[in-house]
Every structure is written in structure tokens, then in C-alpha cells.
Amino acid sequence: MSTLARTPALAERLGITDGRGRAMWVLGLCLAYFATLLLAAAFMGDAGLSTDFPNKKLAPCFEFPFGTDWLGRDMLVRTVKGLCRSLGIGLLAATVSSVVSAALGTLSATMGKRTDAVVTTLIDLVMATPHLVLLILVSFACGGGATGVIIAVAVSHWTRLARIIRAEILQLKQAEFVMVSRKLGRSPWWIARRHMLPHIAPQFTIGLILLFPHAILHSAGLTFLGFGLSPHNPSIGILLSESMRHISTGYWWLAILPGLSLLVTVKLFDVLGNSLRVITDPKTSQE
Amino acid sequence: MLSVKNLSIEFSRYGSARRRTIIHPVRDLSLDIGDGEIVAVVGSSGSGKSLLAHAVLGLLPGNARTSGEILFKGTPLTSASMAALRGRAIALIPQSVAYLNPLSRVGRQVYRASRLSGKCRATAARSTDRAFARYRLDESVKSLFPFQVSGGMARRVLTATATAGDADLLIADEPTTGLDPVVARQSLSHLRELADLGKAVMLITHDIDAAVTVADRVAVIYAGTTVELTPARNFADGALRHPYSRALWNALPQQGFGFVPGNQPMEDDAVNGCIYLDRCPDRTGECRCAQPLRPVGKGHVRCCHAQG
Amino acid sequence: MHAISASFCMAKIGRLVLILSLVSTLAFTLVSLSPVDPVSAYIGIDRMQISTEQEQRIIERWGLDRPAPERFLIWAGNVLRGDLGQSMIFNEPVTTVIGKRFVTSLWLMASAWLLSGVLGFVLGVVAGTNRGSPADRVIRLYSYTLASTPSFWMGLVLLAVFSVSLGLTPICCATPPGVSPDDATLWQRLHHLILPAATLSLIGVAQIALHTREKTIDAMNSEYALFAFAQGESRAGVAWRHAVRNVALPAVTLQFASLGELFGGSVLAEQVFSYPGLGKATVEAGIRGDVPLLLGITLFSALFVFTGNLVADILYGVLDPRIRIGTEEAK
């Protein structure tokens with residue numbers, strides 16, 4: 001009590017004295033970062049992407065904060081554009097993946113034992129091989145390309161969220177307020193809309209956002225290995241895979257800085273998802 | 001041996017409205033326990049009995065703030081002295097085998113308790129054997145895991161663990177809960193034996209029957225406050241002086257399940273005047289004043305209407 | 001070993017058969033869906049110089065003229081006899097390739113597995129027992145950050161720092177250039193192993209540390225910890241004598257159950273360091289369209305993951321007295 005009284009009211013006014021207020025601020029900052037990234041990519045123009053031999057292989061300096069590559073292309077421009085591309089692919093894959101998990105999770109929980117068994121086996125099947133092997137297989141099946149990467153990531157990442165949604169629905173079906181509604185003669189559709197959706201929707205959204213980091217990392221990894229995207233449209237995976245050839249000659253910035261920016265971006269998605277969870281979960285407001 | 005004076009415990013907690021709220025699960029709790037005496041601490045669940053035990057052992061969580069005084073053998077307890085006395089002079093007899101490490105054999109754990117009380121290896125091994133013998137535990141029990149002992153044997157194992165170190169004050173937390181009557185009686189008789197050896201025993205229970213049969217005196221706790229401290233026989237003699245103590249006694253099956261409507265005050269309620277005010281059948285205007293614990297007859301009562 | 005009963009074995013074998021047959025069906029379907037033409041992938045740039053008849057002969061030899069279901073049955077029959085086919089890019093039987101490559105990878109995976117397990121466990125216990133302390137904050141920050149770090153980038157960073165700038169470790173491969181794996185000394189092999197193993201362990205530490213931290217916090221707040229404190233045990237004493245024992249079991253289990261991620265990590269790490277293990281072979285098989293090798297590695301990796309989960313299951317039964325003695329007494 002005494003410490004609270006002594007500290008200036010600034011913290012209080014900003015609302016960062018409790019977990020929820022802090023989470024709001026963090027959320028806002030994350031969104032600001034993503035907006036900046038997108039705007040930067042949109043306004044940068046393609047000038048930095050063309051070859052410029054007089055300025056090749058420059059270490060990071062004031063004019064080129066991320067340095068230039070062996071063709072004199074501005075690494076900052078390439079990184080920002082590549083980051084946006086990687087993000088786009090990751091987000092698309094994660095979204096497809098979460099739609100799949102929502103559909104399969106719901107089917108599994110509502111359509112009876114047989115469907116449940118099929119979905120559970122499907123989950124086991126996807127978990128049976130290492131993620132990366134499945135990614136390579138699916139990307140091979142699609143003949144590579146961005147589509148291949150998206151499908152591969154979507155196909156291999158839906159299991160966790162599907163399990164969560166399945167468990168949540170099964171639990172809700174047994175919940176008292178749902179039982180009462182059913183006794184009162186409410187239609188299953190009404191129950192699903194009024195009672196189930198408000199519980200599932202936040203779970204789903206947070207699950208989706210927490211899928212982003214995995215999806216982005218895995219699509220970058222797959223691209224890095226040489227599956228998928230063409231070198232002409234730089235993504236972070238391509239940049240890093242190109243940098244491998246130059247790292248032994250000391251051009252460290254080609255690898256370090258694009259990777260670091262990917263790390264920061266992925267981390268921020270993780271932070272974003274967790275702040276949302278803090279904000280929407282009534283339990284954490286007690287802490 | 002032990003004397004608790006006006007003990008209050010507060011916790012601060014962040015509420016939903018972004019404000020810190022203070023809860024007071026224990027407010028103005030007093031009692032004393034002499035050598036060779038069993039004092040039962042009774043009250044319904046949520047009355048702060050277990051917190052009292054944790055406070056005496058110095059095991060309250062970090063966000064707890066205490067006021068009041070706890071004297072052990074006449075010296076006030078500080079967190080340093082509590083740490084030194086834990087397991088040596090003051091021992092806990094826990095409620096169930098869930099308080100034993102599930103992956104360690106029973107014999108090891110009794111031996112460890114004995115070592116922690118400051119004994120050397122050989123002495124500790126001997127006192128482990130003595131504790132096992134005292135509670136008629138077979139040598140083979142030593143190699144059992146906690147999940148393998150249950151019921152009466154579990155009680156004896158727990159008592160053996162707590163007494164392996166010759167503590168002077170024993171705190172027994174709910175020693176009869178979930179036991180059948182025969183085993184419960186046996187568990188209580190072990191406490192009596194310990195008291196007869198000169199040890200002080202604090203018996204924390206919500207089982208009034210048990211408290212009245214084995215204890216010398218009873219402290220009745222309501223919403224974290226001592227409302228009455230009285231010789232145990234006063235229960236059966238109908239000589240209870242606080243209306244809440246009477247209500248507790250009358251609620252027993254053999255007394256006809258007497259029922260008083262209402263609930264204990266919540267832990268975050270501020271209370272002025274008598275803590276039992278809103279439920280008391282005999283309340284008057286005077287009850288709105290602060291109620292001190294005062295000596296009446298052979299005990300202490302916190303009620304302005306009580307008379308000797 | 002009562003925990004491993006006959007029925008347990010039967011159930012596990014049945015499960016393995018089911019999983020492997022599902023995995024092979026899925027993998028085969030995926031591979032036959034691929035628009036990549038195996039013949040041109042095999043021949044590569046010599047495509048122009050090959051006559052139609054020669055191409056036809058290759059197609060017939062691989063049975064590519066038959067419909068996919070029939071090809072699957074032939075392939076599956078061969079697999080049952082232990083013949084996974086011939087690798088196109090290595091010109092060796094798939095089983096030989098997998099065997100050789102796996103031994104190379106095993107060094108990498110085993111050292112990374114041990115290192116990340118031990119380090120992660122220790123960090124988790126330290127963080128969990130001192131919850132909220134600076135040590136806990138640092139460990140948590142490290143683990144959460146590492147969880148969002150691309151492992152291949154981590155490898156590149158280590159490469160840039162230790163191999164290029166400091167020159168302490170080799171740039172690539174499992175042995176010095178021109179030295180065959182059989183002639184390489186133990187030190188040479190270890191020297192080449194350091195960076196890939198460090199990459200894999202640095203990333204692997206995160207999961208096990210966070211998991212152990214949660215479990216340690218639970219253990220330190222448990223009833224048995226409270227009783228131990230009441231007996232006069234110190235914080236370190238409770239951690240060492242009570243928490244560690246109860247936390248180790250789930251940690252070991254988790255470490256075995258995460259062999260799949262280890263495998264995936266090794267694919268990326270081997271790519272960065274050009275380490276000639278199974279992971280590198282997987283990538284090559286995928287990029288150059290070596291279908292038999294890709295299928296073989298898929299089956300092998302499924303077996304690998306299954307073994308990890310199986311060991312985790314058995315360990316639980318053997319190490320946890322509640323399960324071990326529980327099943328004995330049930331008999």
C-alpha cells in the first residue's frame with residue numbers, strides 16, 4: 001500500500017500497474033511495429049533492389065544500415081521486402097491451418113465416435129513424422145513454389161489447435177449452462193451460436209496468432225533449405241540461404257541482420273498472442 | 001510454551017478494478033498452549049486455522065503481512081528464529097501422505113526429518129527406529145512409498161515423521177479428517193500420549209467431537225478471530241459463553257443439527273464491532289463497539305454479554 | 001520389468017504397424033502427386049541428349065508406366081522384405097544410404113540431445129526454485145527468445161563468429177577436406193561436431209528449460225515441499241531432495257518425446273554446416289527428386305519418433321514407483 005502511494009501517479013494514469021493494462025500497451029506497440037513494417041515496404045520503392053556494382057559488398061553504414069550484397073543491392077530494402085513476403089506466406093499458411101483445425105476439431109467433437117476416431121488418427125499421423133520431413137514431403141508433392149510452402153505449413157500445423165478446440169467443445173457440451181439450454185428446448189444451432197461461439201472464438205483467435213511464429217519460422221526454414229520460393233522474389237529464407245555462400249568470406253551482415261529482424265518479428269507475434277490472452281482471460285486479471 | 005497474541009495476517013491482491021485489495025483472513029487471533037497441554041483450534045473452513053499453523057512455522061507466502069506477537073518459550077519469534085526452530089523445536093504433523101515426497105521411500109523421509117532436527121547420522125537412524133517402534137510400524141514399512149500406505153498406517157507414519165526430531169511443540173493439522181472412527185480415535189490418542197510426555201500440542205480441526213474428547217482447552221475461531229478460549233469440558237457441560245461456540249456445538253448431529261443462518265464475514269470485509277454481529281441471535285446495540293477478548297470464568301470470551 | 005508386459009508389447013507393436021502403414025500410404029500418395037518428373041530430375045541437364053527409347057527404358061525399369069496404386073503395392077511388398085529400393089542420387093540401396101548417414105547424424109543428435117537436456121533441466125530447476133529472481137528473469141528471457149529464433153540463423157551466427165571471425169572451428173562438413181570419415185581422428189570429428197551440436201542444443205534448451213521451470217514451481221509449492229520446509233529443510237534442500245526428483249521424470253520423458261523436433265532441427269543444422277548426415281540427405285532427396293530415398297527417410301523418421309515416444313512410455317513405467325509397483329500389485 002505504502003509503495004503505491006509513494007510512486008508518482010504516472011504509472012497509474014498509463015494503466016500499467018496491473019497485468020491487463022501492461023498487456024494493452026504491449027499490444028499497441030506490437031501493432032505499431034507491424035504497421036511500420038508494412039508502410040516501409042510500401043513506400044520504399046524498388047530502387048534498392050536493382051544491381052549497383054559501385055556500391056557492392058558495403059558493410060552497414062549510415063547510408064546502408066543493413067549493408068549491401070555482392071550485387072550492390074540495399075540489404076535494408078531486401079530485408080524489409082523479404083520480411084513482408086515471409087510474413088505474408090506465414091500468415092496465409094497459419095490462417096489456412098487454423099481454419100483446418102477449427103473444422104476438424106469441431107467435426108471431431110460433434111459428429112460422433114467414428115469421425116472422432118478418424119480425426120484423432122489423422123492427428124497421430126501428422127505427429128508421427130518430424131515436422132520438417134512432412135514439410136519437405138508436402139512441398140515436394142506440390143512441386144515447390146510459394147504455394148507448396150503455404151500448403152506444407154498449413155497441412156503440418158493444424159494438429160495442436162484442433163486438439164484444443166476439440167477438447168474445448170467436448171467440455172462445453174458437458175457444461176451446465178449448455179445442458180440447461182438443451183433441456184429448455186433450444187436448437188443445437190442456437191446453443192452453438194450463443195453458448196459455444198463466445199467461448200471458442202477467443203481461444204481460436206489466440207491459437208491462430210500463436211500459430212504465426214511457428215508458421216513463419218517453418219516457412220522460412222523450408223525456403224532456406226531450397227524448397228519453394230524463387231530467388232527473384234526475396235524472402236528471408238532466400239536471403240539467408242544466399243548469405244551462406246558469402247559468410248565464409250566475412251560478409252556477416254548478409255546473414256546476421258535479416259535473421260535478427262526475422263527473430264524480432266516472430267518474437268513480437270508471440271508477445272502479441274500472449275498479451276491478447278492476458279487481456280481476454282478473466283483469470284489473469286487477478287494476478 | 002506457545003503464546004499467540006493479537007495475530008493478524010493480511011494479503012494484498014490485485015482486484016479486477018485495477019486496485020489492490022487487502023484481505024484479512026486472520027484478525028486478532030490469540031491463544032496460548034502450555035507444556036503437556038493439548039489446545040484444539042476449532043472453526044469452520046476458511047476461519048484461518050491453517051494460516052495460524054503456517055504463521056507459527058514461518059511458512060506464510062511472501063505477500064503476507066503479519067502483526068501481533070508469537071512467543072515461543074517466552075521469546076518473540078522472528079523469521080530467523082522460526083527458521084531455526086522449524087523441525088527442531090516446532091514440528092508439523094500434516095494432514096495426509098500427500099505431504100510426503102511421492103517418489104521417496106517412507107523410511108528415508110523419517111530419517112531425513114530426524115537428521116534435519118540436528119541429529120548426527122547414527123542418532124538419526126536410532127531415533128528413526130524408535131519412532132517406527134513407538135507407532136508399531138513394521139521394519140518393512142520403511143521401504144514403502146507414500147502411495148502405498150493409507151488410513152491408520154498413514155497417520156502413524158506422519159506422526160512418526162513429525163516426532164522423529166523430539167520437537168517440544170507439535171502442530172497437528174486435521175489429524176482425523178477422512179478417517180474412520182476407530183482410526184481417528186487412535187490418531188488422537190497418539191497426540192494425548194505426546195502431551196502426556198510433556199509436549200505442547202496444537203490440534204487444528206473442524207471436528208468438534210474430536211477436539212472435545214482429547215483436548216484440554218479449545219480455542220474457537222470465527223473469521224480469523226478467537227471468539228472463545230475455554231476448557232474443553234465446558235462444551236459438554238453447557239458452559240460455553242460465546243453464542244458462536246454454542247452454535248458450533250449445537251450443530252453436531254447428537255445435538256440435533258442446530259442451524260444458524262448466514263455466513264462468516266468475507267476475508268475482504270472490514271469489521272467494526274462484534275465479528276459475529278450479523279448472525280448473533282442475542283445482538284444488542286452494545287455489540288457495535290469493538291469487542292476485546294476478556295477473561296470470563298476459567299476462559300476468555302470476546303462478547304460483551306458474557307458473564308462469569 | 002513388470003511394467004513391460006506382453007499386452008503392452010502387443011499394443012505397441014500394433015500401434016507401430018498402424019502408424020507405419022498410414023505414414024507410408026500418405027508419403028506415397030504425396031510423392032505420386034508431385035508434378036516433379038522423376039526421370040528428368042534423375043537425368044538433370046542431360047535431358048536433351050537422351051533419346052525417347054532410353055527414357056522409355058528408364059520408365060519401365062522403375063515401373064513408372066504402371067498406375068500409382070499398383071506401384072504402391074509393389075513398393076510396399078519390397079519394403080516388407082526389407083528392400084527400400086535404390087537411391088537415385090547416391091546410386092546405393094536406400095537402406096545403406098540411411099544407415100551410413102544416420103550414424104553420422106547420430107553423433108550430432110546424441111550430443112545435442114544430451115547437452116540441451118542437461119543444460120535445460122539445470123536452468124529450469126534454477127529458474128523454478130528462484131522464481132522472480134534475476135536468474136529466473138534471465139533464463140525466461142533467454143528461453144522465450146530462443147523459442148522464436150530460427151535455428152538455421154543461429155547456426156549462421158555461430159558460423160560467422162566462431163569459424164569466420166575467430167577461426168576456432170571449421171566452416172563445414174564432418175571431416176577436414178580430403179579426409180574420408182573412416183580416416184578422420186576422433187578429435188577431428190569432434191571439432192567438426194562442436195558448432196552444429198551447439199546450434200541444436202542452444203535452441204533445444206528453451207523448451208526443456210521452460211517445461212522444467214513450470215514443474216519446479218509446482219513442486220516448490222506442493223504439499224510435500226511445505227512439509228519439508230516445516231521440517232527445517234532449506235530452499236536449496238527442498239529443491240535438491242524433493243523438487244529435482246519429481247521434476248526429472250517428466251523432463252526425461254519430454255526429452256525422449258521430442259525426438260521429432262531434434263530430427264527436424266538436425267536437417268536445418270546439417271544444411272547450414274554442410275554436415276553429411278541424414279538431414280542433408282533428406283534435403284537432397286527432396287530437391288533432386290530421389291523418390292525412393294525420400295520415402296525411405298520418411299519411414300525411418302517415423303520409426304525414430306515412435307521409438308522416442310516408446311522409450312518415454314517405458315521409462316515412465318520403470319522410474320515412477322506409483323506406476324511400477326501399482327502394476328505389480330495389480331497382478
Side-chain angles (χ1 to χ4, degrees), chain A residues 121-122 124-145 148 152 155 213-214 216-218 220-227 236-237 240-241 243-244 247-256 258-260 262-271 274, chain C residues 15 18-20 22-23 25-27 29-36 144-145 147-154 156-157 159-161 163-165 171-172 259-268 271-272 274 279 282-283 285-287 289 291 294-295 297-302 304-306 309:
Chain A
T121 314
L122 215 53
D124 287 351
L125 178 58
V126 171
M127 310 273 257
T129 49
H131 252 80
L132 212 65
V133 172
L134 186 64
L135 284 172
I136 291 178
L137 260 182
V138 176
S139 148
F140 179 71
C142 300
V155 161
H214 289 267
I216 297 168
L217 281 184
H218 271 128
L222 204 50
T223 320
F224 172 77
L225 291 176
F227 294 87
I236 294 291
L240 291 179
S241 138
S243 77
M244 282 229 311
I247 204 163
S248 55
T249 38
Y251 303 116
W252 55 269
W253 60 89
L254 296 181
I256 307 286
L260 194 63
L262 177 65
L263 163 61
V264 169
T265 309
V266 169
K267 173 85 189 155
L268 284 183
F269 264 113
D270 205 34
V271 171
N274 283 316
Chain C
R15 179 107 196 120
L18 176 73
I19 289 281
L20 285 186
L22 284 175
V23 166
T25 317
L26 174 78
T29 317
L30 284 174
V31 181
S32 19
L33 283 176
S34 174
V36 178
Y144 277 121
T145 307
S148 338
T149 306
S151 52
F152 50 97
W153 177 70
M154 191 78 205
L156 288 174
V157 171
L159 203 59
V161 174
S163 298
V164 179
S165 297
I171 292 275
C172 90
L259 283 189
E261 281 165 42
L262 182 70
F263 193 98
S266 78
V267 172
L268 288 164
Q271 181 74 7
V272 174
S274 303
T282 316
V283 176
I287 286 186
V291 171
L294 197 55
L295 288 176
I297 291 178
T298 308
L299 276 188
F300 181 80
S301 68
F304 186 66
V305 170
F306 181 85
N309 288 326

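Each chain gets a letter, A, B and so on, in the order its sequence line appears, and its residues count up from 1. The structure presented is a predicted model; accordingly, all values stated were derived computationally and were not measured.
- The environment of A:H218 atom NE2 is dense: over 12 non-hydrogen atoms of other residues, nucleotides or ligands sit within 6.0 angstrom.
- Annotation for C:Q271 and A:M244: closest pair O-CE, 3.6 Å, computed over non-hydrogen atoms.
- In this structure, chain A has no heavy atom under 4.5 Å from any part of C:S163.
- By number of non-hydrogen pairs under 4.5 angstrom with chain A, the leading residue of C:I19, C:T145, C:T282, C:L26 is C:T145.
- Taking the side chain as every heavy atom from C-beta outward, A:M127 and C:V305 never approach each other to under 4.5 Å.
- Contact record, A:G221 with C:L268: O-CD2, 3.9 Å, taken as the closest heavy-atom pair.
- Only the side chain of C:I171 comes within less than 4.5 Å of a heavy atom in chain A; its backbone stays farther off.
- Residues forming a side chain to side chain donor-acceptor pair (under 3.5 Å) with C:S34 (at least two apart in sequence, or on another chain): none.
- The contact between A:S243 and chain C is made entirely by side chain atoms (from C-beta outward), counting heavy-atom distances below 4.5 Å.
- Of the listed residues C:T298, C:I297, C:L295, C:T29, the one with more heavy-atom pairs under 4.5 angstrom with chain A than any other is C:T298.
- Nearest heavy-atom pair across C:G264 and A:L132 is O-CD2, 3.3 Å.
- Looking at C:L159, only its side chain comes within 4.5 Å of chain A, counting heavy atoms on both sides.
- Looking at C:Y144, both its backbone and its side chain come within 4.5 Å of chain A, counting heavy atoms on both sides.
- Heavy-atom pairs under 4.5 Å with chain A peak, among C:S301, C:S151, C:S32, at C:S301.
- Interface summary for chain C: among A:T121, A:L260, A:L262, the most heavy-atom pairs under 4.5 angstrom belong to A:L260.
- For C:L156, the parts lying near chain A are the backbone and the side chain together; criterion is any non-hydrogen pair under 4.5 Å.
- The residue among A:V264, A:V266, A:I256 with the most heavy atom pairs within less than 4.5 Å of chain C is A:I256.
- Among all heavy-atom pairs drawn from C:S148 and A:L263, the shortest one is O-CD1, 3.3 Å.
- Here C:N309 contributes atom CG and A:D124 contributes atom CG; the two are 10.0 Å apart, rounded to the nearest 0.5 Å.
- Neither the backbone nor the side chain of C:E261 comes within contact range of chain A; no heavy atom of the residue lies under 4.5 Å from a heavy atom of that chain.
- Considering all non-hydrogen atoms of both residues, C:L294 and A:I136 come closest at CD1-CG2, 4.2 Å.
- Of all non-hydrogen atoms in C:F152 and A:L217, the two that sit nearest each other are CE2-O, 4.4 Å.
- Residue contact with chain A, scored on non-hydrogen atoms closer than 4.5 Å, involves the backbone and the side chain of C:V283 alike.
- Inter-residue side-chain proximity for A:F140 and C:L30 is flagged as unmet; no heavy-atom pair is nearer than 4.5 Å.
- Residue C:V272 touches chain A through both its backbone and its side chain, counting heavy-atom pairs closer than 4.5 Å.
- Listed by chain and residue number, nothing satisfies the ring-ring contact (aromatic ring centres under 6.0 Å, His included) test with A:W252 (two or more places apart in sequence, or in another chain).
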